[in-house]
Amino acid sequence: MSAVFDAVMLLLLIATAVTVARARDLVAAVVTFGLYSLVLCLVWQHRGAPDVAITEAAVGAGVTSVLFLLTIAKTARSERR
Amino acid sequence: MKTFALVLVLVVAATMVIGIAGLPPHGDPDGPIHTHVGARYLERGVAETGVRNLVTAVLLVYRGFDTFLEVVVIFTALVAVLALPSATRRPPPARGESTAAPRRGSDDAVPVSPVVFFVVRLLAPFIAVFALASLYRGHVTPGGGFQSAAIIGAMMIALGLVFGREHAARLVPHGAKAWLQALGPLAFAIIAFVGWRLTGAFLGFPADEAAHALREAMVVVLEVAIAVGGAVILAQLFMALDAPS
Amino acid sequence: MIAGAVLEIAAVALVVLGVAFLLAGTIGLVRFPDVYARAHAASKCDSVGAGSVLLGVALHDGVAFGDLKLVLLALLVVVSGPTTAHALARAALRSGRRPSTRDPAGPA
Amino acid sequence: MTLFGLDLDYVACVVLFCVGLYMLVAKSNLIKKVLGLNVMETSVFAFIVTSGMIDGGQEPIVVAGSAPPYTSPIPHAMVLTGIVVAVSVTAVALALIAQIHAHYGTIEVDELKELP
């Protein structure tokens, strides 16, 4: 059961990371990066690291996303081809 | 560029796969990570530091230097961001100064939805209580200085997003701002010198049983300083990036 | 004994109900045509689903004071989920997304 | 779980690191580069936390009701500081990117290279 959870979460991590890399729309990339951080936070909670999980949930998914979105609002929204 | 990147990634991946092939399997109780100094921390950490959350014990007592310089790093990051010209430029005076309807800072901004405004205002005290609880009970539950710094910082950023820049700036008292930003490094420096006077080692913690209360007080000062200083630095980073360029 | 069994059954029923709602919400998130319908599916079903899963977990193994945390979590989910959906839908509307209509002659 | 003698959890971290590295090198957009840097950082954190795992281990908090084995606390403390450093680095990078956009009107490396 635990191995299945781990495998699903790791595949989800890789899928979200690849989506971040492929997204042309920067807002979509940042939102997917927030999802990536939250999945990572679940993995860490599952691996006995609740302290790290709390910090990652607040910083990785919250603060970092907001900082990215502020910068995107000031610059360009989509990656130029 | 794409080809070069792919080749580079493949080379790095091959190197790292060779590297991990030589690592002991994780989760093994007899692996080196669990038998070296980690085992000692787990065995005697509570007796030596008085902190039951061993992550905090390692962070502040056993690996204090690491954390000290880490606090200095985030302070330096804030200094670097504030040193950029846009952060210090005065924002244009807001037209009308209406306080009834909360608006985002710039003139053409979309007004914040009243639903979001209400819910963020409703949840902010709960988030603050959670952060304070994770600081206060950080020695027996997951939590501690960095965790509550992250939570308080995120809460201040959420408030800053719905209240607008002018209101959010008031969350941090203006006169004390400089001191609060530097609170982490300052507290670490002071505690380090106190430890030096007491034990002869920079950032040393008195180990004998009699100094139990003093040791705990030192840990508590560091925790509170990290939480407050870290939260203020995160909020300031947000405000610096939010400033009009 | 009987009370314990009733509690256990209630807990399992709540969790199953919650999972069913989450499944429905997820199917809606994938299958619905536009951002408004998707936000609608995600917020409603996930609020009920996650809320009842949390309540079911609180009832499991008897009721203790610590279960109050789970009730608070359920309240948080019920408050924050719809707010997020509202903010998303509002942002979509302000950025000019038109709801999709079944009428092929209507706006795309 | 192992495959061909390789620990799959570690392999997942390597894959994430490589995705981040590819973004950092191949993408021209500076924000995508910083996102790639963040993916790389988190993959390293995931690797460190994974290496501290122990089978059937609990979080390293010694209170009534918890018993050994505990996961190793050292990786957690290192990663905790690492996460906060990562967000500071990201903030500095983003502030610089906003400055670059204000001065040159673009954040694409290709176009920045063309500038006189």
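Predicted model, so just to flag it, every value in this text is computed and none were measured. Each chain gets a letter, A, B and so on, in the order the sequences are listed, and its residues count up from 1.
Proximity to chain A (any heavy atom under 4.5 Å) is shown, for D/I31, by both the backbone and the side chain. Looking at A/L13, both its backbone and its side chain come within 4.5 Å of chain D, counting heavy atoms on both sides. With a threshold of 4.5 angstrom between heavy atoms, A/I72 approaches chain D through its backbone and through its side chain. Residue D/F45 touches chain A through both its backbone and its side chain, counting heavy-atom pairs closer than 4.5 Å. At a 4.5 Å heavy-atom cutoff, the contact between D/I107 and chain A is made by side-chain atoms alone.
Residues of residues 36-44 of chain D that come closer than 4.5 Å to chain A, counting heavy atoms only, are D/N38, D/V39, D/T42, D/S43, ordered by residue number.
Among A/T64, A/I54, A/V20, A/D51, the residue with the largest count of heavy-atom pairs under 4.5 Å with chain D is A/V20.
Residue pairs meeting the side chain to side chain donor-acceptor pair (under 3.5 Å) criterion with at least one partner in residues 11-24 of chain D, sequence neighbours excluded, are absent.
Summarising the geometry of A/G48 relative to D/H76, their closest heavy-atom pair is O-CE1, 3.0 Å, with the distance given to 0.1 Å. In plain terms, the two heavy atoms of D/L16 and A/A17 that are nearest each other are CD2-CB, 3.7 Å.
One finds the OG1 atom of A/T55 at 4.0 Å from the CG atom of D/L80 (value rounded to the nearest 0.5 Å). Between the CE atom of D/M23 and the CZ atom of A/R22 there is a distance of 12.0 Å, given to the nearest 0.5 Å. The CG atom of D/N29 sits 7.5 Å away from atom OG1 of A/T75, with the distance rounded to the nearest 0.5 Å. Between the NZ atom in A/K74 and the CD atom in D/Q99 there is a gap of 7.5 Å [rounded to 0.5 Å]. With rounding to the nearest 0.5 Å, the separation of CG in D/L94 from CG in A/L70 is 9.0 Å.
Between the side chain of D/K27 and the backbone N or O of A/A21 there is at least one donor-acceptor pair closer than 3.5 Å.
Residues D/V49 and A/V43 form no side-chain contact, since every pair of their non-hydrogen atoms from C-beta on lies 4.5 Å or further apart.
Looking only at atom types and distance, the side chain of D/T71 has no donor-acceptor partner in the side chain of A/R47 under 3.5 Å away.
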